[in-house]
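Each chain gets a letter, A, B and so on, in the order its sequence line appears, and its residues count up from 1.
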Amino acid sequence: MKMVRTIKGTHDILPAQSGDWQDLETQIHKTANLHGYDEIRTPIIEDAALFNRGVGEETDIVSKEMYSWIDKDKSTISLRPELTAPVVRAYVQHNLGGQSLLQRLYYIGPSFRRERPQKGRQRQFHQFGVEAIGSDNPEQDAEVISIGWNILNNFGINELELNISSIGSDDCRTNYKQELINYLKPFIPQLSEVSQHRLKHNPLRILDTKNKDEIKIIESAPKIENFYTKEDETYFLTVQQYLDDLEIPYKINPLLVRGLDYYTQTTFEISSKKIGAQDALLGGGRYDGLIKSLGGKDVPAVGFAAGMERILIATDSRKRTDKQVACIYIVCTDLSALGPLQQIAKNLRELDIKVILETLRRSMKAQMREANKKNANYAIIVGEQEAIDKTVQLKNLNEGKQDTINQGELIAYFKSLTF
RNA sequence: GUGGGUGUAGCUCAGCUGGUUAGAGCACCUGGUUGUGGCCCAGGAGGCCGUGGGUUCAAGUCCCAUCACUCACCCCA
């Protein structure tokens, strides 16, 4: 019989790793809450139209990476490739804007994209992110950026680099796009096939090219900052001012172009040099037009998404602060004592003490080895004699000392004890 | 979609120019005398050497195919 295994690009998170995940999740919940953000959870499957309209048909994500299928009722369903569109959908659907002018939301969960897997890239991967929906002021951008920065920083990732840019207002971008196209037209024969296609559909993306010849051409292309309106410029400078106030270091990178259609004004990305080619840990920006385009009111918003697998890769060498929980292993070689020991185990657990009770009926030596392997602080040992006497041998496994205690006195003993 | 690398025990790997019953470390199990862990010692279990075909007296080792994993490109978290 052939073994069934995880499908390409998906991974099990095994017990040896799940503690790291829990730590990261704890850090996310904590930092987001400290900034006044509340969690939102949305379905993993959505109407495909949400992403076609929200993320954009021309993006790689939707045009070639999205898992979609036609359901039994002929509707087209997609596994979500990202969470901003779903969160906005929920905001619009439940009219969250009606409850308060500003919604500060965060999320954690899996996303799906059908790509060739490599280091830091999977077909099922986990993202967390925040979305601040309602404010069009630069302090909101700075707040969102700082949450991302703080989570990564608090989690102990070194060599973080924050790049920021602004792609300006709609007017600015329209003018700039036209100028860029005019500039690039004479170079069309020298452009790659992909870039030629982009020239028609999404010329800004050409700025992000990795092709050496194209990089040279781009170097003397018109710069977007020359097309900012007065307001765009002030806005971007104010975001920078607040980042300075928050003591968050950043680099201005005008070539930072994000591959999703919905961004406006501020865009940003945090990366780490430590993790291979896929070095973006977190990316986001302002998306003032998205809510309206998904059927809501004309509400401004800003947010980011971060890749949890990549963060964990970047923290590989991190020292986990092992919060050793109190643990007792119950060693029993006399079945007649098992009933009373069940009772004792239950009572100890009610004191928030981790209790593991042998269920393999192994030899005493094997059970003691197991207790050691589980890092138990104490072993409660009951053999033939103790079963008769209604006592236990209580062994402190750190010190190696052992005492006889009446079964009836055990709970009181542990109540008075601090681990 | 395109290109490179790698497939030997649960894990990390060794196996020279093809030559007997395929090895190590870690992990696992059992012991080291009366019912007690860690350290140490002894023993044990565990591999159709990714799969299929070919060359050969002989293939883990050479050739071909195939699959899987992995890294990178594109793009993204």
Side-chain angles (χ1 to χ4, degrees), chain A residues 2-3 5-11 14 16 55 58-66 80-84 107-129 148 152 192-195 197-198 202 205 208-211 256-260 268-272 275-284 303-314 329 331-334 337 358 360 362-387 392-402:
Chain A
K2 207 182 164 213
M3 178 178 62
R5 41 171 303 138
T6 52
I7 61 177
K8 189 195 285 293
T10 69
H11 295 280
L14 298 174
V55 179
E58 273 299 322
T59 60
D60 288 4
I61 290 177
V62 169
S63 65
K64 53 185 209 194
E65 296 171 0
M66 195 157 74
R80 64 184 184 201
E82 57 108 57
L83 277 105
T84 298
Y107 59 80
I108 302 179
S111 295
F112 306 83
R113 294 180 198 172
R114 199 184 186 293
E115 306 180 83
R116 283 286 286 271
Q118 68 188 72
K119 193 180 180 69
R121 162 178 299 157
Q122 303 170 200
R123 290 185 173 183
Q124 173 173 344
F125 60 105
H126 296 79
Q127 291 185 312
F128 72 86
L152 298 180
S192 64
E193 212 175 304
V194 192
S195 290
H197 180 261
R198 282 184 188 152
N202 196 348
R205 286 268 299 282
D208 203 28
T209 183
K210 307 293 193 292
N211 180 309
L256 178 68
V257 178
R258 306 205 52 76
L260 287 78
F268 55 91
E269 189 170 295
I270 300 179
S271 54
S272 164
I275 64 169
Q278 308 306 321
D279 63 352
L281 299 177
L282 178 155
F304 70 74
M308 295 173 73
E309 281 83 1
R310 289 185 186 176
I311 289 169
L312 290 169
I313 291 170
Y329 199 96
V331 172
C332 176
T333 57
D334 191 312
E358 170 78 9
L360 283 175
R362 288 176 287 186
S363 72
M364 187 169 287
K365 186 187 185 103
Q367 292 188 43
M368 287 301 290
R369 280 187 172 155
E370 186 71 19
N372 190 60
K373 199 155 51 172
K374 293 293 177 196
N375 275 318
N377 310 63
Y378 289 89
I380 289 174
I381 304 164
V382 177
E384 202 179 341
Q385 194 55 51
E386 289 78 10
V392 305
Q393 297 297 322
L394 180 64
K395 182 162 189 176
N396 182 323
L397 292 174
N398 302 320
E399 296 165 14
K401 288 180 199 155
Q402 179 169 317

Give a yes or no on whether a donor-acceptor pair under 3.5 Å exists between the nucleobase atoms of [N], that is its base, and the side chain of [X].
{"X": "A:Arg116", "N": "B:G3", "result": "yes"}
{"X": "A:Gln122", "N": "B:A77", "result": "no"}
{"X": "A:Glu386", "N": "B:G35", "result": "yes"}
{"X": "A:Gln367", "N": "B:U36", "result": "no"}

Original post:
So what does A:Glu309 hit on the nucleic acid, given a heavy-atom distance under 4.0 Å: a base, only sugar-phosphate, or nothing?
Top reply: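 No contact.
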Original post:
How is A:Gly120 classified with respect to the nucleic acid when contacts are heavy atoms under 4.0 Å: base, sugar-phosphate, or nothing?
Top reply: base
Can you tell me how far [atom1] in [N] sits from the matching atom in [M], rounded to whole Å?
{"N": "B:G54", "M": "B:G60", "atom1": "P", "answer": "15 Å"}
{"N": "B:A58", "M": "B:A45", "atom1": "C1'", "answer": "31 Å"}
{"N": "B:C16", "M": "B:U61", "atom1": "P", "answer": "11 Å"}
{"N": "B:A9", "M": "B:C48", "atom1": "P", "answer": "9 Å"}
{"N": "B:G7", "M": "B:G32", "atom1": "P", "answer": "42 Å"}
{"N": "B:C39", "M": "B:G35", "atom1": "P", "answer": "24 Å"}
{"N": "B:C63", "M": "B:U56", "atom1": "P", "answer": "16 Å"}
{"N": "B:G50", "M": "B:C11", "atom1": "P", "answer": "13 Å"}

Considering residues at least two apart in sequence or located in another chain, which fulfil the side chain to side chain contact (heavy atoms under 4.5 Å, CB included) criterion with [X]?
{"X": "A:Glu370", "answer": "A:Tyr329, A:Arg362, A:Lys373, A:Lys374"}
{"X": "A:Lys365", "answer": "A:Ser363, A:Arg369"}
{"X": "A:Glu386", "answer": "A:Val382, A:Thr391, A:Gln393"}
{"X": "A:Lys8", "answer": "A:Pro117, A:Arg123"}

Just jot down the side-chain hydrogen bond (donor to acceptor under 3.5 Å, both in side chains) partners of [X], sequence neighbours excluded, or say none.
{"X": "A:Gln118", "value": "A:Arg121"}
{"X": "A:Tyr107", "value": "none"}
{"X": "A:Asn372", "value": "none"}
{"X": "A:Ser272", "value": "none"}

Give a yes or no on whether the backbone of [Y] and the side-chain of [X] come within a donor-acceptor separation of less than 3.5 Å.
{"X": "A:Glu309", "Y": "A:His126", "answer": "yes"}
{"X": "A:Arg310", "Y": "A:Leu281", "answer": "no"}
{"X": "A:Glu82", "Y": "A:Ser111", "answer": "no"}

For [N], does OP1 or OP2 lie under 4.0 Å from any side-chain N or O of [X]?
{"X": "A:Lys373", "N": "B:C29", "answer": "yes"}
{"X": "A:Gln118", "N": "B:A72", "answer": "yes"}
{"X": "A:Lys64", "N": "B:G1", "answer": "no"}

Subject >> For atom CE of A:Met364 and atom P of B:U34, their distance in whole Å >> reply: 11 Å
**OP:** Summarise protein proximity over nucleotides 38-44 of chain B in one line of letters, 5' to 3': B for base, S for sugar-phosphate only, - for none, counting protein heavy atoms closer than 4.0 Å.
**Re:** B------
Between protein and nucleotides 8-13 of chain B, what N or O pairs are separated by less than 3.5 Å?
none

Subject >> Closest heavy-atom pair and its distance - A:Ile270, A:Gly148 >> reply: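 The pair with the smallest heavy-atom distance is CD1-C, 4.3 Å.
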Subject >> For the student: nearest non-hydrogen atoms of A:Gly109 and A:Leu83, plus distance >> reply: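 Closest approach of A:Gly109 to A:Leu83: O-CD1, 4.3 Å.
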Original post:
With respect to the side chain of A:Arg362, which nucleotide from B:C71, B:U30, B:A77 is positioned closest?
Top reply: B:U30
Original post:
A:Glu65 side chain: which of B:C75, B:A68, B:A72 is closest?
Top reply: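 Nearest to the side chain of A:Glu65 among the choices is B:C75.
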Original post:
When you look for runs of 3 or more Watson-Crick or G-U pairs in a row, both distances below 3.5 Å, which of them include RNA chain B?
Top reply: B:1-7 with B:67-73, B:10-13 with B:23-26, B:28-32 with B:40-44, B:50-54 with B:62-66
